[in-house]
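For the single chain, residues carry numbers from 1 onward in sequence order. In listed order, ligands and their atoms are each counted from 1. Just so it is clear, the model here is predicted, and its values are computed rather than measured.
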Amino acid sequence: MRSWPAPIIPRLPSDEGRLWLKNTATGRQEATGPTAGQARMYVCGITPYDATHLGHAFTYLTFDLVNRVWRDLGLTVSYTENVTDVDDPLLERATATGADWTALATDQIDLFRTDMTALRIIPPDHYLGVVESIDQVSRLIDRLRAAGVVYQVADPDYPDWYCTNSAPTFGSLSGLEPAAMEQLFAERGGDPDRPGKRHRLDALVWRLARPGEPSWESPWGRGRPGWHVECVALALDTLGPAFDLQGGGEDLIFPHHEMCAAQAFSATGQPLAEVYAHVGLVGLDGEKMSKSRGNLVFVSQLRRQGANPMAIRLALLAHHYRQPWSWTPSDLSDAEARLERWRTAANEGASQSSVATPAAATVAAMRAAVRDDLHADRALALVDAWAAEPGADRAEVVAAIDALLGVAL
Ligand code: 5CA
Ligand code: ZN
């Protein structure tokens, strides 16, 4: 699937270090990515039945920071992102609005590309929809079957295919008790009560065709892939097992990423990823911003209302990625004022003041802030201090604001 145009990223003078991220699986901050060569990252992409809201933008911005930090450390990055372009919520929305499901997905993916381009998010190297990846999914189900974890549910009408979470590591990502797992599984697309399953938490991997639903031929009968198996197939196919980082919003810890990890382990005998990072959810009026709740602020809507995309980016950067927060209009007005101050500092004559902040010290501190669990919020404070008294060598800081934070002044 076509992705979107890459922003131009200035190169800063080289500098050694590591990216440290809090690993959801261990609760500890861990050096993430290799010391040299290629870093590999998979981030769970959109289900394209509605436009990009600020929660999505916050998640993709977070992993864009990872991408920028790795590149600044001299690594190359192989980045995969999926599009869940066939799934229940998309089909339900299409039915409810009388739209064709493929047209709905195509429109929303286009809008997502436009939003990501405007926000200067580095595009994935592998941007893949499920519809174009049915063969990869089918091959993974084959491997899971060979590993003895896939079976057909005892249902005379629709004997769909399920996968048992038999990996010894199951549960270690989320650290949840079985009762909490069942509840979240039921709330987030799972079917613990379906008769004929071997275990209540087993995940659907291939759903046989129902009348009126899209379906594809496969060795498992005509049907379509389940959710988790899709991400595992695309990740293993493009990155291989034990890649550096698996990411998404914190709503994906359970069941999605836990079950992805279990399936990958069953298929390969290796972990899916070394580190799992999750983004705190963005809300509105104290509730999680979600398509099903309908309390959404869209990036495209803010842009139509005249918001500068760099101000939207700055508004999101002001929040640390692990901290859940609620959007308010002052997030945007504060960011617009900050952007204005930074632009003035970048474009006006250098301060003659003896307290002018040296550029090299500011850039070094910005690097330290983002390498330390992506503290963009701290980096913004450092640039604020610099902008109050910019020295003569402003170009260095302007380049770092662009390279590390993705904000073009
Ligand atoms: N297609 C699946 C992942 S395979 C999916 O969750 N799609 S989504 O459109 O619902 O979400 C896309 C990404 O945005 C996911 O990583 C999700 O965790 C993240 N996300 C969704 N809502 C929010 C929110 N309110 N705040 C932060 N991130 C969010
Ligand atoms: Zn996913």
Side-chain angles (χ1 to χ4, degrees), residues 1 24 41-64 66 79-93 104-105 108-109 111-112 115-116 119 121 124 126-131 133 137 140 173 184 187-190 203 225-236 238-239 245-264 272-273 276-299 316 319-327 331:
M1 182 172 282
T24 308
M41 167 166 77
Y42 185 94
V43 179
C44 282
I46 56 163
T47 306
Y49 66 90
D50 228 335
T52 325
H53 63 60
L54 289 168
H56 300 137
F58 192 52
T59 285
Y60 300 113
L61 173 66
T62 296
F63 296 101
D64 186 62
V66 169
Y79 170 24
T80 304
E81 184 178 319
N82 69 307
V83 182
T84 309
D85 57 359
V86 57
D87 200 11
D88 295 343
L90 172 70
L91 299 174
E92 282 160 17
R93 174 66 63 91
L104 173 63
Q108 296 309 320
I109 296 165
L111 193 51
F112 180 71
D115 288 336
M116 292 295 105
L119 293 175
I121 305 284
H126 313 278
Y127 191 48
L128 294 165
V130 185
V131 169
S133 310
V137 175
L140 176 62
L173 173 60
L184 284 176
E187 284 170 21
R188 296 173 175 170
W227 176 25
H228 317 301
V229 75
E230 140 207 357
C231 281
V232 181
L234 295 180
L236 291 178
T238 53
L239 304 174
L245 179 63
Q246 155 94 318
E250 102 191 336
D251 56 332
L252 298 187
I253 298 174
F254 197 90
H256 186 47
H257 286 174
E258 189 80 79
M259 293 190 176
C260 286
Q263 291 181 5
L272 183 61
Y276 296 81
H278 292 98
V279 178
L281 298 183
V282 182
L284 185 69
D285 304 326
E287 284 210 61
K288 174 194 161 184
M289 211 178 267
S290 77
K291 296 174 203 178
S292 47
R293 285 202 177 86
N295 59 340
L296 306 174
V297 179
F298 298 114
V299 173
L316 300 171
H319 298 270
H320 185 241
Y321 79 97
R322 284 196 285 106
Q323 189 66 45
W325 57 287
S326 253
W327 173 265
D331 279 287

Does the side chain of H320 reach to within under 4.5 Å of the side chain of W325, using non-hydrogen atoms?
no
Between H56 and Y60, what is the ring plane arrangement, given parallel below 30°, perpendicular above 60°, and tilted in between?
tilted
Please name the pair of heavy atoms, one in T84 and one in L90, separated by the smallest distance, quoted to 0.1 Å.
O-CD2, 4.4 Å
Does some side-chain heavy atom of L245 sit less than 4.5 Å from a side-chain heavy atom of F63?
yes
If we only count N/O pairs under 3.5 Å, is L281 in contact with ligand 1?
no
May I ask you to test the V279-E250 pair for a side-chain heavy-atom distance under 4.5 Å?
no
Mind checking whether V279 contacts ligand 1 via backbone (N, CA, C, O), side chain (CB onward), both or neither, at a 4.0 Å heavy-atom cut-off?
neither
Closest non-hydrogen atoms of D50 and Q108, given as atom of the first, atom of the second and distance, are C-OE1, 3.2 Å
For H256 and C44, the nearest pair of non-hydrogen atoms, with its separation, is NE2-SG, 3.4 Å
H53 contact mode with ligand 1 (heavy-atom cut-off under 4.0 Å)
side chain
Classify the contact between C231 and ligand 1 as side chain, backbone, both or neither, using a heavy-atom distance cut-off of under 4.0 Å.
side chain
Does ligand 1 have an atom that lies less than 4.0 angstrom from a heavy atom of H278?
no
G248 heavy atoms within 4.0 Å reach ligand 1 at atoms 16 (O)
Heavy-atom contacts with I46 under 4.0 Å: which atoms of ligand 1 show up? List them by number with element.
1 (N), 7 (N), 9 (O), 12 (C)
Side-chain heavy atoms of W227 within contact of V130, under 4.5 Å:
no
Looking at Y60, which atoms of ligand 1 are within less than 4.0 Å of one of its heavy atoms?
12 (C), 13 (C)
Between V282 and ligand 1, does any nitrogen or oxygen pair lie at a separation below 3.5 Å?
yes
Minimum heavy-atom separation for L234 to T80, with atom names?
O-CG2, 4.3 Å
What are the protein N, O or S atoms, given as residue plus atom name, that sit under 2.8 Å from the Zn ion (ligand 2)?
C44 SG, C231 SG, H256 NE2
Taking atom 14 (O) of ligand 1 as the point of reference, which of H56, E250, E81 owns the nearest heavy atom?
H56
For E258 and L173, indicate whether the former's side chain and the latter's backbone hold a donor-acceptor pair under 3.5 Å.
yes
Is the closest side-chain heavy-atom distance between L128 and V83 below 4.5 Å?
no
Between ligand 1 and L252, is the shortest N or O to N or O distance under 3.5 Å?
no
Against heavy atoms of T84, which atoms of ligand 1 measure under 4.0 Å?
1 (N), 2 (C), 4 (S)
What heavy-atom pair brings T24 and A277 nearest, and what distance separates the two atoms?
OG1-CA, 4.0 Å
For ligand 1, is there an atom lying under 4.0 Å from some heavy atom of T47?
yes
Show me which atoms of ligand 1 lie under 4.0 Å from any heavy atom of C44.
3 (C), 4 (S), 13 (C), 15 (C), 16 (O)
Correct closest heavy-atom pair for H257 and Q246 would be CD2-NE2, 3.2 Å
Number the atoms of ligand 1 from 1 as they appear, then name those within less than 4.0 Å of a heavy atom of H256, with their elements.
4 (S)
Quick one about E81 and Y79 (side-chain donor to acceptor, distance below 3.5 Å, no hydrogens or angles considered), yes or no?
yes
Got an N/O contact under 3.5 Å between G249 and ligand 1?
yes
Any N/O pair W227/ligand 1 closer than 3.5 Å:
no
Numbering the atoms of ligand 1 from 1, which are under 4.0 Å from a heavy atom of D251?
17 (C), 18 (O)
Taking the side chain as everything from C-beta on, heavy atoms only, tell me whether L140 gets closer than 4.5 Å to V229.
yes
T59 neighbourhood, listing ligand 1 atoms whose heavy-atom distance to it stays under 4.0 Å:
16 (O), 19 (C), 27 (C), 28 (N), 29 (C)
